[in-house]
There are 2 protein chains.
Amino acid sequence: MARVAGVSQSTVSIVLAGKAEGRVKPETGRAVREAAESLGYRPNVAARNLRLGRTRTVLLVVPTLASPFFGAVYTGAARDAAERGFGVVVHPWPDDANPARSPVDIEAIDGVLASSIAGGVAGLGDVPLVVMDSDPADPAPAVNFDVTGGMRAITAHLAELGHRRFGHLAAAVDAWTFRVRGEVLAEAGPLIRRTTAIDVAAARAAALDLLDRPDRPSVLVCDDDLIAAGAYKAARTLGLDVPGDLSVTGFDDILVATAVEPELTTVRLPAEELGAQAMTALLECLDGHHPPGVSLAGELIVRGSTAPPANG
Amino acid sequence: MARVAGVSQSTVSIVLAGKAEGRVKPETGRAVREAAESLGYRPNVAARNLRLGRTRTVLLVVPTLASPFFGAVYTGAARDAAERGFGVVVHPWPDDANPARSPVDIEAIDGVLASSIAGGVAGLGDVPLVVMDSDPADPAPAVNFDVTGGMRAITAHLAELGHRRFGHLAAAVDAWTFRVRGEVLAEAGPLIRRTTAIDVAAARAAALDLLDRPDRPSVLVCDDDLIAAGAYKAARTLGLDVPGDLSVTGFDDILVATAVEPELTTVRLPAEELGAQAMTALLECLDGHHPPGVSLAGELIVRGSTAPPANG
DNA sequence: GAGTCGTAGTCATACGTATCACTGATCGGC
DNA sequence: GCCGATCAGTGATACGTATGACTACGACTC
């Protein structure tokens, strides 16, 4: 390669690293790039990584990718990273994973972007870390959704419609984002609550539990759109019309929200934006800065699943 | 590290690479591993990659990760790869991506696993390649679903119920898997067809087109579960009951299939299995073998969206 | 004309691993 | 007691890059 261009290997390195400014004559630089192009030459990544001790790769830790939500987080993060020449390796961290076993080559990673919903990011050593959906008490830099605001928008909407007493289908996941939902809802008024896995069938069973009683609530507030889909099924089982006899709200605005009938009133969380902002923050950390925490607003999307309660 | 263990760097390398058999005394090996453990030492990946000229990393090319289907493919592939000490980097290839621009460091990749639905895998150079959902005429080793069998199961089920004339909501994607669906359906009997994007709203519009006519079909066969969700909405708009007035079938059995009401009759495609088998085949290729093509059977799942036609 | 400075590029080296060729030591066989 | 063989481990080297130190050369200053 260097021979073809008629220069030394050093010069090739300088030019292709984009550091030619003021150190290499423009025409020499051009000759190098042309030679590289014609030979299809690309610098060896492994050698570069070895020399620099950095890999321009960050790790994304999420509970699973078999969820369009985290797929969107990945998409946003990867786009943002690519713009700065970074790659993203994703590490799904299912509930049943053994946290002690880290199948990831931490040595090959410059930083970590973790969803707090994922089990553990402990034991990853001392790499720069940005957390998504994290407890604000967490010392690590964080990029969060304004879950409080989103939940308040829901309760305000429901109060305006005339609902006074809420049923809450809470996700049985120990994460800050779900705790906040519960707290905001509890502030808003009296409620009855049931926890459930984030799963249509489980949510249906939990919803039946809440609905099949004399004092049943006029609305089911669900921690997740999938749970809301389960609530729909429970309503149908009991012969309740949504939203005539029962209002339902979700959270996230995933695909399912518009696939069901009636379409779901929910809060849209900008998942791609979350990934992108979190990646931006992480890359700031890698540059030695200390980016401020970010809070992304959700947006209440009123669709057909909410209406005034039947009994006024 | 070598100093702590009291041996040379060579020996450390041999032990930690797992090649100690017959070359290093068991107790020496144990001492090395203990020293590594206590120091938290892990071999440098970049140096290993440089030395070996391989990275133990493969690239997965899919159209998007914001779909649980490809998320599942990833999950299966990653699990299978991890068992053999390989990592997976995923490269979403959206329709609007510029195929000429390959943002991936091909130099850092040992092989490629590509969904034929993804735009282009051309220009990736001469790396080993396994294709999923590929045209059987494609020379590359392939791992496919038995789409033909799945589609025949659907037509057989519908014929048995008494349906004679099909409406087909076809995905407007130029890929083998969708072409086959169309061909099998055309063999099965007379049909009217409309293409649509794989999107609830677009599918609803296409379905309205098929249904709002005097000779409307008694069943809508959809290339994808999401399209079926759109068909549901069209039916509701027209006041048609599913499955009383109109049967609907999907394909894939994604989450949406059980979130809608009535739950969808569809063909379950083992997406994780696809990813895993394809990865197995790719790793075979990397070992210099030529694995045979694989065809994975789908399974007809009869749920509540199909019934005999109204007019008998 | 000697000294200084800037420009354009080269040289040598180090990153941490895997592996080939090699060395001592121990041992069995005759 | 000497030879060959086996065992257990070491030494030296190369992978391809980035970079600090260095050189060659001309221009400019006084």
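Residue numbers begin at 1 in each chain, while the letters A, B, ... track the order of the sequences.
Across the helix from C:dG1-D:dC30 to C:dC30-D:dG1, the helix axis at one end is tilted relative to the axis at the other end by 50° (nearest 10 degrees, each axis from five pairs).
Although no hydrogens or angles enter the test, the distance criterion places a donor-acceptor pair under 3.5 Å between the side chain of A:Y74 and the main chain of B:V90. Side chain of B:T280 to main chain of B:A276: a donor-acceptor pair is present (N/O by atom type, distance under 3.5 Å, no hydrogens or angles). Between the side chain of B:D224 and the main chain of B:L226, a donor-acceptor pair closer than 3.5 Å is present. Under a 3.5 Å cut-off, the side chain of A:T75 and the backbone N or O of A:G71 do form a donor-acceptor pair. A donor-acceptor pair under 3.5 Å links the side-chain atoms of A:N144 to the main chain of A:S134, judged by distance alone.
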Note to self: What does the B/S/- profile of nucleotides 16-26 of chain D look like, 5' to 3', with a 4.0 Å heavy-atom cutoff to protein?
What the structure shows: BBBB-------
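The structure places CG of A:L282 at 10.0 Å from CG of A:D80, a figure rounded to the nearest 0.5 Å.
Inter-residue side-chain proximity for A:D110 and A:F86 is flagged as met; some heavy-atom pair is nearer than 4.5 Å.
Crowding of A:R84 atom CZ: a count of heavy atoms from other residues, nucleotides or ligands under 6.0 Å exceeding 12.
The stretch residues 282-289 of chain A has no heavy atom under 4.0 angstrom from DNA chain C at all.
Between B:P128 and B:L286, the shortest heavy-atom contact is CG-CD2, 3.4 Å. Contact between B:S115 and B:P63 at its shortest, heavy atoms only, is OG-CD, 4.1 Å.
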